[in-house]
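Here the structure is a predicted model, which is why all the values come from computation and not from measurement.
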Amino acid sequence: MFRRVARLLLSFVMISTGVLLGTVATTGTAHADECYTWSRTLSEGASGSDVTQLQIRVAGWVSSGERLSYDGQYGARTAAAVKKFQAAYGLPADGVAGPQTYSKIYALQDPDCTPVHFSYAELNKCNSDWSGGAVSAATAKANALKTMWKLEAMRHALGDVPLTISSGFRSYSCNSAVGGSSTSRHLYGDAADLTGSPSLCRLAQEARTHGFSEILGPGYPDHNDHTHVALDPSPYWSAPNCGI
């Protein structure tokens, strides 16, 4: 907790200093970060791994039914997602990722790149090494990170209410033990089952605007006690009791 508070204070100091010196709009780096540091301002037309890193963190700020690609290309959709991220956190919403945007991201992430309100342990209650699923352990873990950043956006949009994850990544054996579908997205590491407050219907409804393409909730078979969100190549939403 102390480290997070210190990083928030550092971000504020860096932004304030930049404003006073008139350099925020032109300098590419706000400050070094333990997880990842951007070294340039990014806008439409840019490309590279730094764009991909940005896309991971803003993919939860999209329009209903939209998904942001992690392709390293700063196109109109990425600019729109950055703009929504900026507006959500009280920053100038110009769709250009510079020091103020980066400082906010730095304040929102832990040294392992997970968002501050979620952890790898929450997304994997099956085993310790992410093995045994439908993809490699590295891919499953990377997918879980992308899921967490979408959940972070969803959490903030809901008023910063805590979200409870009952199940995330599953190996085939873990999935079989709980009676999961043989094609479950949990096997890929990009799914999360949510319980608790706010209501399951509210969670299902909100998930539509945060990059999730598979949403199953109350009214769908075996989903009356949780809301399932995932990234499915074939989008599918069904929560009949929630009007979805």
Side-chain angles (χ1 to χ4, degrees), residues 34-36 49 52-60 62 67-72 108-155 162-196 200 203-204 206-208 210-239 244:
E34 294 172 272
C35 162
Y36 182 86
S49 60
T52 303
Q53 289 295 325
L54 178 66
Q55 289 170 329
I56 290 171
R57 290 155 180 80
V58 302
V62 292
R67 289 175 291 166
L68 186 65
S69 297
Y70 306 102
D71 59 4
L108 285 172
Q109 66 185 11
D110 281 330
D112 64 355
C113 295
T114 60
V116 293
H117 298 107
F118 298 94
S119 68
Y120 283 118
E122 289 178 275
L123 268 291
N124 183 359
K125 300 177 182 179
C126 170
N127 58 36
S128 61
D129 60 6
W130 301 84
S131 65
V135 292
S136 70
T139 297
K141 190 173 183 179
N143 287 342
L145 180 65
K146 294 171 182 175
T147 298
M148 281 186 271
W149 277 102
K150 291 176 184 176
L151 290 173
E152 183 71 25
M154 186 170 158
R155 183 188 193 279
L163 298 183
T164 303
I165 300 169
S166 61
S167 182
F169 166 76
R170 299 174 192 161
S171 65
Y172 278 106
S173 60
C174 287
N175 190 58
S176 178
V178 298
S181 165
S182 61
T183 60
S184 173
R185 295 307 302 181
H186 288 282
L187 296 165
Y188 295 81
D190 58 20
D193 291 346
L194 307 176
T195 61
L200 298 181
L203 291 169
E206 190 67 36
R208 293 178 298 180
H210 294 289
F212 293 107
S213 57
E214 180 176 273
I215 305 168
L216 305 174
Y220 186 81
D222 301 320
H223 285 72
N224 288 325
D225 61 351
H226 68 280
T227 290
H228 166 91
V229 296
L231 177 62
D232 193 322
S234 301
Y236 183 69
W237 301 350
S238 183
I244 298 175

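Between L231 and Y188, every side-chain heavy-atom pair lies at or beyond the 4.5 Å cut-off. For the pair S167 and K125, the minimum side-chain heavy-atom distance is 4.5 Å or more. Looking only at side-chain heavy atoms (C-beta outward), S171 and C126 come within less than 4.5 Å of each other. Residues R208 and I215 meet the side-chain proximity criterion, which asks for heavy atoms closer than 4.5 Å. Contact check for Q109 versus P115: no side-chain heavy atoms found under the 4.5 Å cut-off. Proximity of Q55 to T52: side-chain heavy atoms (C-beta onward) are separated by under 4.5 Å at one or more points.
Side-chain N or O atoms of S69 include none that pairs as donor or acceptor with a backbone N or O of D71 at under 3.5 Å. One N or O on the side chain of S213 and one on the backbone of D232 form a donor-acceptor pair closer than 3.5 Å. For the pair D110 (side chain) and D112 (backbone), a donor-acceptor distance under 3.5 Å is absent.
The minimum heavy-atom distance between Y172 and A134, with the atom names listed, is OH-CB, 3.6 Å. R57 and C35 make their closest contact through NH2-SG, 3.4 Å (heavy atoms, listed as atom of the first residue, atom of the second, distance). Taking each heavy atom of G211 and V62 in turn, the nearest pair found is N-CG2, 3.4 Å.
The distance from atom CG of L216 to atom OG1 of T227, rounded to the nearest 0.5 Å, is 9.0 Å. Put simply, OH on Y220 and OH on Y236 are 5.0 Å apart, with the number rounded to the nearest 0.5 Å. For the atom pair F212 CZ and W237 CH2, the distance stands at 12.0 Å (nearest 0.5 Å). Put simply, CG on L203 and CG on L163 are 6.5 Å apart, with the number rounded to the nearest 0.5 Å. Distance CZ/R185 to NE2/H228: 8.5 Å, rounded to 0.5 Å. Taking OG of S238 as the reference point, atom CD1 of I244 lies at 9.0 Å (rounded to 0.5 Å).
Residue pairs meeting the salt bridge (charged side-chain N to carboxylate O under 4.0 Å, His left out) criterion with at least one member in residues 215-229: none, sequence neighbours excluded. Screening residues 162-177 for salt bridge (charged side-chain N to carboxylate O under 4.0 Å, His left out), with sequence neighbours left out, gives R170-D193.
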(request) Decide yes or no on side-chain hydrogen bond (donor to acceptor under 3.5 Å, both in side chains) for S136 and T139, but give the supporting numbers first. (result) CA-CA 5 Å; S136 70; T139 297; 3.0 Å; yes
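None of L123, N127, D190 except one satisfies the side chain to side chain contact (heavy atoms under 4.5 Å, CB included) rule with F169; the exception is N127.
The aromatic rings of H223 and H226 sit tilted, their planes meeting at an angle between 30° and 60°.
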